[in-house]
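Accompanying notes for the structure given below.
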Amino acid sequence: MPKPFKPSVQLKENDVTDERVYMNRRSLLKSMGFIGASTLLAKSASAAGWFWEDDEEKVPFKSEPLEFSQPPKFQISETRTPENKVISYNNFYEFGTAKDAPAKNATEFQTNPWTLTIDGLVKKPITLDYNALTTRFPLEERIYRLRCVEAWSMVIPWVGFELAALIKQADPLMSAKYVAFETLYDPDQMPGQRSRFMGGGIDYPYVEGLRLDEAMHPLTMMAVGLYGKTLPPQNGAPIRLVVPWKYGFKSIKSIVRIRLTDKEPPTTWNRLAANEYGFYANVNPNVAHPRWSQASERRITTGGLLTRNRIDTQLFNGYTEVAPMYNDMNLSRYY
Ligand SMILES: Nc1nc2c(c(=O)[nH]1)N[C@H]1C(S)=C(S)[C@@H](COP(=O)(O)O)O[C@H]1N2
Ligand SMILES: [Mo]
């Protein structure tokens with residue numbers, strides 16, 4: 001992975017000013033004591049329009065509006081989870097295990113440039129750069145339930161495209177049976193990858209997998225946005241998986257690699273606790289987690305996070321059209 005640097009859209013002084021003028025102005029400012037001077041002095045000079053922010057400063061994330069087709073391809077009548085909750089109550093252990101940690105710790109996560117590679121058992125490997133993530137495939141909106149294995153859920157309007165479209169372009173070989181996904185590994189940016197305690201004991205990078213037929217199912221999407229704008233870092237910017245009939249941990253964030261294979265790939269939560277998290281992880285109210293029931297869930301809507309809003313969990317999270325893929329599996333068994 002190339003080391004991330006700042007978005008190219010962020011104009012720097014040397015982008016807008018002739019190189020020599022820029023250098024001269026810098027040495028002038030330096031001789032006046034502004035560069036390398038106290039922050040207060042530097043800030044007042046900056047505020048007065050003397051020079052731009054220091055080059056080493058990180059660019060805080062800002063959501064950009066996306067263009068996508070309307071009306072939503074998949075709609076449900078349930079109330080959407082308000083945007084402020086979707087982007088502030090998260091699981092993204094690379095940025096810490098507390099629900100509010102990702103929103104706090106990922107504010108400067110650099111997602112542009114980005115490289116997503118699709119390779120393995122394919123005839124045409126693909127690399128998508130940051131721009132291609134939102135331009136290569138027509139974007140559409142889909143409003144899906146997200147059911148976390150911890151028994152809370154949300155209703156989220158995603159923006160993205162079908163994973164099947166991407167896989168078809170790569171032209172899988174007959175031998176491909178599974179799809180393996182990998183999140184960015186960058187301990188410099190992800191504090192949870194620097195500390196076993198902060199990262200919840202996970203061996204990074206976070207990895208996930210699907211059977212090829214699951215990956216090709218029309219419900220399976222690659223999301224690049226939510227609520228009509230590019231994904232905030234805490235939700236898996238710049239691109240993440242969304243598999244609405246499976247527990248949330250399958251929906252891997254900030255993906256850098258998608259590899260087609262002939263073997264069932266290892267998955268992060270299964271590796272960490274095989275007795276608690278399976279490869280399939282289909283939402284099922286009749287199969288309890290070893291430590292709690294999965295029969296119901298706390299739906300996060302309006303009102304405080306402690307608002308009682310307990311609803312019954314549905315088989316396949318309500319997406320029963322996927323059932324034929326599991327005809328030969330005993331659904332009362334844990335997988
Ligand atoms: N890389 C990575 N992907 C991840 C996770 C994570 O910790 N790291 N958490 C998963 C879990 S447990 C859930 S419930 C969803 C949460 O997605 P959201 O924060 O956008 O609601 O992301 C999933 N994807
Ligand atoms: Mo989850």
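The first residue of the sequence shown is numbered 1, and numbering continues consecutively from there. All ligand and atom numbering here is 1-based and tracks the order in the structure. Here the structure is a predicted model, which means the values were calculated and not measured.
- Distances from atom 4 (C) of ligand 1 to the heavy atoms of Tyr93, Tyr206, Phe92, Phe181 put Tyr206 nearest.
- Of all atoms in ligand 1, numbered sequentially from 1 with element shown, those under 4.0 Å from a heavy atom of Thr183 are 1 (N).
- Applying the 4.0 Å criterion to heavy atoms of Asn235 picks out, from ligand 1, the atoms 18 (P), 20 (O).
- Considering both main-chain and side-chain atoms, Trp152 never comes within under 3.5 Å of ligand 1 through any nitrogen or oxygen pair.
- At a heavy-atom cutoff of 4.0 Å, ligand 1 is contacted by no atom of Glu150, backbone or side chain.
- Nearest protein heavy-atom contact of atom 15 (C) of ligand 1 is Gly248 O, 3.6 Å.
- Of all the heavy atoms of Glu208, none lies under 4.0 Å from any atom of ligand 1, so neither backbone nor side chain is involved.
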Using the side-chain contact (heavy atoms from CB on, under 4.5 Å) rule, take Arg147 and Met154 through it: C-alpha gap first, then chi angles, then the decisive distance, then the call.
-> CA-CA 7 Å; Arg147 172 45 160 94; Met154 296 189 182; over 6 Å; no
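- Closest approach of Leu231 to Ala223, counting heavy atoms only: CD1-O, 3.4 Å.
- Around atom 14 (S) of ligand 1, the closest heavy atom drawn from Cys148, Ser153, Pro232 belongs to Cys148.
- Considering both main-chain and side-chain atoms, Ser251 comes within under 3.5 Å of ligand 1 through a nitrogen or oxygen pair.
- Distances from ligand 1 to the non-hydrogen atoms of Arg240 include at least one value under 4.0 Å.
- Using a cutoff of 4.0 Å between basic side-chain nitrogens and carboxylate oxygens, Arg145 and Glu297 are not scored as salt-bridged.
- Side chain of Tyr227 to main chain of Ile156: no donor-acceptor pair is present (N/O by atom type, distance under 3.5 Å, no hydrogens or angles).
- The contact set between ligand 1 and Glu94, taken as ligand atoms under 4.0 Å from a residue heavy atom, comprises 1 (N), 2 (C), 6 (C), 7 (O), 8 (N).
- Here the two rings, on Tyr206 and Phe181, have centers that are 6.0 Å apart or farther.
- The protein non-hydrogen atom at the shortest distance from atom 21 (O) of ligand 1 is Leu146 CD2, 3.4 Å.
- Atoms of ligand 1 found under 4.0 Å from any heavy atom of Ile252, numbered from 1 in the order shown, are 3 (N), 24 (N).
- Salt bridge present: Glu162 and Arg142 bring a charged side-chain N and a carboxylate O closer than 4.0 Å.
- The residue from Ile87, Asn90, Asn91 that puts a heavy atom closest to atom 9 (N) of ligand 1 is Asn91.
- From the protein, the heavy atom lying nearest to atom 3 (N) of ligand 1 is Lys253 N, 3.1 Å.
- At least one donor-acceptor pair closer than 3.5 Å links the side chain of Gln110 to the backbone N or O of Glu108.
- Residues Trp158 and Leu226 come closest through the heavy atom pair CZ3-CD2, 3.8 Å.
- Between Asp203 and Arg271 there is no salt bridge, since none of the side-chain N atoms of the basic residue sits less than 4.0 Å from a carboxylate O of the acidic one.
- Annotation: side chain of Leu210 is in contact with side chain of Lys250 (closest heavy-atom distance under 4.5 Å).
- Checked against a 3.5 angstrom limit, the closest N/O atoms of Trp269 and ligand 1 fall outside it.
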